[in-house]
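Working notes for the structure below.
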Amino acid sequence: MSRVLAFDFGASTGRAILAEYENGKLSYNEVHRFDNNLVEKDGLLCWDFDCLLNEVKKAIDMCENVDSLAFDTWGVDYGMLDKDGKLISLPVCYRDERTKDEVTKVYEKMPAEKLYSLTGNQIMAINTLFQLCSEKIENADTFIFMPDLFAYFLCGAKTAEQTIASTSQMLDLENVKWQKEVFKLTGKSENILPPIVKSATQAGEYKGIKVIKVAGHDTQCAVCAMPAEPNKTPAFLSCGTWSLIGCENDKPILTEKSMNDELSNELGANGKINYLKNISGLWLIQEIRRNFKSEGKEYSYNDMEQLARGAKAFEFFIDPDDASFATPKNMPQKICAFCEKTGQGKPESDGAMIRCIYESLAMKYRFAIEQIEENTGKKFDVLHLLGGGTKDSFLCQMTADSLNMDVIAGPTEATALGNIILQLVALGDIKDVDEGREIIKSSEKLSTYKSENADAFASAYDKFVKILNK
């Protein structure tokens, strides 16, 4: 029997999941959950790394006879180490506004088409490349991505796992090495670049426990847990704070059309390319709920769903990825301003605003799927919805209606399960990701949502697209 501990970090919480695997059977339970709160330091929005690392060590001490542990987090963010291996300052959050002008500055040195052809990433101001361009730290010895930073402080390994490195806009995807020509744009020394390692490899030990590099990017962990059928052409939607919607390809797509469609190529833990679009996901629901609470309205998520169900359908749409929605605070006001700016009038109720978010997300998923089908030549017949979004039946059904496609929701713990599966591969308990997917398929509860209202969504889709183009 193997016992493995998976640390899964989201934008608002961190969790430790303890799993046991024996004779083809997998069981797991959450042993520790803790807040992941942003803090302001020196005028920057930062992650409270010291606090998070203390919670990690607390969780490890809560468990006995653990064979291995591993970390997955969101993409693009990093910490900087000095020559003594100490963290110079708190890691800055991708939602900080320090990078807002960096994309334009980079374009003055390298055209967008070349940048995309060299790296394959959707060009976004949050990407590591642009963060490093804005970085003021001068005495850095090494930069390390967030999941690797946790591993470093446990076992001392200064390496970058390949899937998290592929979120940076600085990686040669086909040769899996740093794209030095792009990195030069940062003005930083190449000496700070860590060596790249494959997923499912051992990095070191902490208190006799093997520290494993799994897919450091949580999206790639979630895709590892996709219970795909061999006779289907599946798309995936890893749905949490962000929505990552896409498919697995054998090679990256680096065309100008792919760039203009804002599609991204990232490395999967199984050697595939995850070809996807980043869409602002349940962040919008989470943030508007926080804003309502600050106004004295204590809505549960169920309360919000009921308010949305009671509102008129297809009355208001937003582009979930409009820059105005990327930063915290004032979400109700931002939604009203967007709707007024695009000639739709103004949502007058909380339910109307919440329904606007849900319907806009579902429509944006269709928009993205159509772009991915055009660029890949594939025709998808099922969408696997993975992660926390599986608990939102309202969104799951809307997605099935918008795409006019079966949506298989589950597993809810896709990210943690992908982390666990890759640890078991590293330990030699299972052969590969495909075997892990079979284990998940046979043991996890999945829910299928069939399209019930496709015609109504199709009729409203043109309105949504016109608003996107305004």
* To do: Report yes if some heavy atom in the side chain of Trp47 is under 4.5 Å from a heavy atom in the side chain of Asn36; otherwise report no.
  => yes
* To do: Kindly determine whether Lys364 and Ser280 satisfy side-chain hydrogen bond (donor to acceptor under 3.5 Å, both in side chains), including the steps that lead there.
  => CA-CA 10 Å; Lys364 194 68 182 278; Ser280 185; over 6 Å; no
* To do: Give the C-alpha distance, both sets of side-chain angles, the deciding distance and a yes or no for side-chain hydrogen bond (donor to acceptor under 3.5 Å, both in side chains) between Asp8 and Thr415.
  => CA-CA 7 Å; Asp8 174 30; Thr415 305; 4.7 Å; no
* Reported CD-to-CD distance for the pair Glu30 and Glu413, which is rounded to 0.5 angstrom -> 7.0 Å
* Thr128 side chain vs Val76 backbone, donor-acceptor pair below 3.5 Å -> yes
* Asked: Asn139 side chain to Asp82 main-chain N or O, any donor-acceptor pair under 3.5 Å?
  -> no
* So do Thr186 and Leu129 actually touch side chain to side chain, heavy atoms under 4.5 Å? -> yes
* Tell me, with the steps shown, if Ile279 and Tyr365 meet side-chain contact (heavy atoms from CB on, under 4.5 Å). => CA-CA 8 Å; Ile279 298 171; Tyr365 297 157; 3.9 Å; yes
* Report yes if the side chains of Asp72 and Thr163 come closer than 4.5 Å at any heavy-atom pair, otherwise no. => no
* Write down the atom of Ser324, the atom of Lys334, and the distance for their closest heavy-atom approach. => O-CD, 3.0 Å
* Hey, does Tyr116 have a side-chain heavy atom less than 4.5 Å from the side chain of Pro111? -> no
* **N/O donor-acceptor pair under 3.5 Å between Asn249 side chain and Ile273 backbone** => no
* Asked: Is a side-chain donor or acceptor of Glu287 paired with a backbone partner of Lys329 at a separation under 3.5 angstrom?
  -> yes
* Measure the spacing between CD of Gln169 and CG of Asn127 and express it to the nearest 0.5 Å. => 4.5 Å
* Ser243 side chain vs Cys239 backbone, donor-acceptor pair below 3.5 Å -> no
* To do: Decide, yes or no, whether a salt bridge links Arg98 with Glu135 under the criterion of side-chain N to carboxylate O below 4.0 Å.
  => yes
* **Min side-chain heavy-atom separation Glu174-Pro252 under 4.5 Å** => yes
* Structure fact -> Closest heavy-atom pair, Glu373 versus Phe380, reported as atoms and distance to 0.1 Å, is OE2-N, 3.0 Å
* What closest approach, in Å, do Ala215 and Leu422 show between heavy atoms, and which atom pair accounts for it? -> N-CD1, 3.3 Å
* **Audit row: Lys114, Glu181, side-chain contact (heavy atoms from CB on, under 4.5 Å) steps and yes/no** => CA-CA 11 Å; Lys114 183 174 182 181; Glu181 185 178 0; 2.5 Å; yes
* Does any non-hydrogen side-chain atom of Ile408 lie less than 4.5 Å from one of Leu383? -> no
* Minimal non-hydrogen separation, Cys63 against Leu18, with atom names -> SG-CD2, 4.3 Å
* Met170 CE to Gln179 CD distance, which is reported to the nearest 0.5 Å -> 11.0 Å
* Asked: Do NZ/NE/NH1/NH2 and the carboxylate oxygens of Asp61 and Lys207 come within less than 4.0 Å?
  -> yes
* Asked: side-chain contact (heavy atoms from CB on, under 4.5 Å) between Lys41 and Ser89: does it pass, once the steps are laid out?
  -> CA-CA 9 Å; Lys41 185 169 184 184; Ser89 63; 5.8 Å; no
* Once you round to the nearest 0.5 Å, how far does CG of Leu276 lie from CZ of Phe236? -> 5.0 Å
* Audit row: Tyr21, Tyr28, ring pair (Phe, Tyr, Trp, His ring centres under 6.0 Å) steps and yes/no -> CA-CA 9 Å; Tyr21 179 74; Tyr28 59 92; over 10 Å; no
* In Å, rounded to the nearest 0.5 Å, how long is the span from CD1 of Ile440 to CG of Leu26? -> 7.5 Å
* Asked: Just wondering, more than 12 heavy atoms not from Lys25 lying within 6.0 Å of its NZ?
  -> no
* Indicate yes or no for a side-chain donor-acceptor contact from Asn175 to the backbone of Lys177 under 3.5 Å, with no hydrogens or angles considered. => no
* To do: First locate atom CD1 of Ile285, then atom OH of Tyr358, and finally report the distance between them rounded to the nearest 0.5 Å.
  => 4.5 Å
* So which of His217, Gln162, Gln122 actually passes side-chain hydrogen bond (donor to acceptor under 3.5 Å, both in side chains) with Glu266? -> His217
Please list, one pair per line, the donor and acceptor atoms closer than 3.5 Å that link side chains of residues 143-158 to other protein atoms, with sequence neighbours excluded.
| residue | atom | partner | partner atom | Å |
| --- | --- | --- | --- | --- |
| Asp148 | OD1 | Lys213 | NZ | 3.0 |
| Asp148 | OD2 | Glu161 | N | 3.3 |
| Tyr152 | OH | Gly85 | O | 2.7 |

* Look at the side chain of Ser402 and the backbone N and O of Met398, then say whether any donor-acceptor pair between them is shorter than 3.5 Å. => no
* Determine yes or no for a side-chain-to-main-chain donor-acceptor pair under 3.5 angstrom, with Asp84 supplying the side chain and Lys86 the backbone. => no
* Verify, without hydrogens or angle tests, whether Trp178 (side chain) and Ile196 (backbone) share a donor-acceptor contact under 3.5 angstrom. => no
* Should we count NZ of Lys272 as having more than 12 external heavy atoms under 6.0 Å? -> no
* To do: Run the salt-bridge test on Asp381 and Lys232 with the 4.0 Å N-O cut-off and return the result as yes or no.
  => no
* What do you reckon, is CD of Glu97 surrounded by more than 12 foreign heavy atoms closer than 6.0 Å? -> no
* More than 12 heavy atoms from other groups under 6.0 Å of CG on Asn469 -> yes
* Is the side chain of Thr99 donor-acceptor paired with the backbone N or O of Ala125 at a distance under 3.5 Å, no angle test? -> yes
* Determine, stepwise, if the pair Tyr78 / Ser168 fulfils side-chain hydrogen bond (donor to acceptor under 3.5 Å, both in side chains). => CA-CA 10 Å; Tyr78 58 87; Ser168 68; over 6 Å; no
* To do: Evaluate the side-chain contact (heavy atoms from CB on, under 4.5 Å) criterion for residues Ile60 and Val56: first the C-alpha distance (whole Å), next the side-chain angles of each, then the deciding distance (0.1 Å), finally the verdict.
  => CA-CA 6 Å; Ile60 295 170; Val56 164; 3.9 Å; yes
* In plain terms, say whether Lys105 and Glu108 are close enough for a salt bridge, that is, a side-chain N and a carboxylate O under 4.0 Å apart. => no
* For the residue pair Val92 and Leu45, what are the closest heavy atoms and their distance? -> CG1-O, 3.5 Å
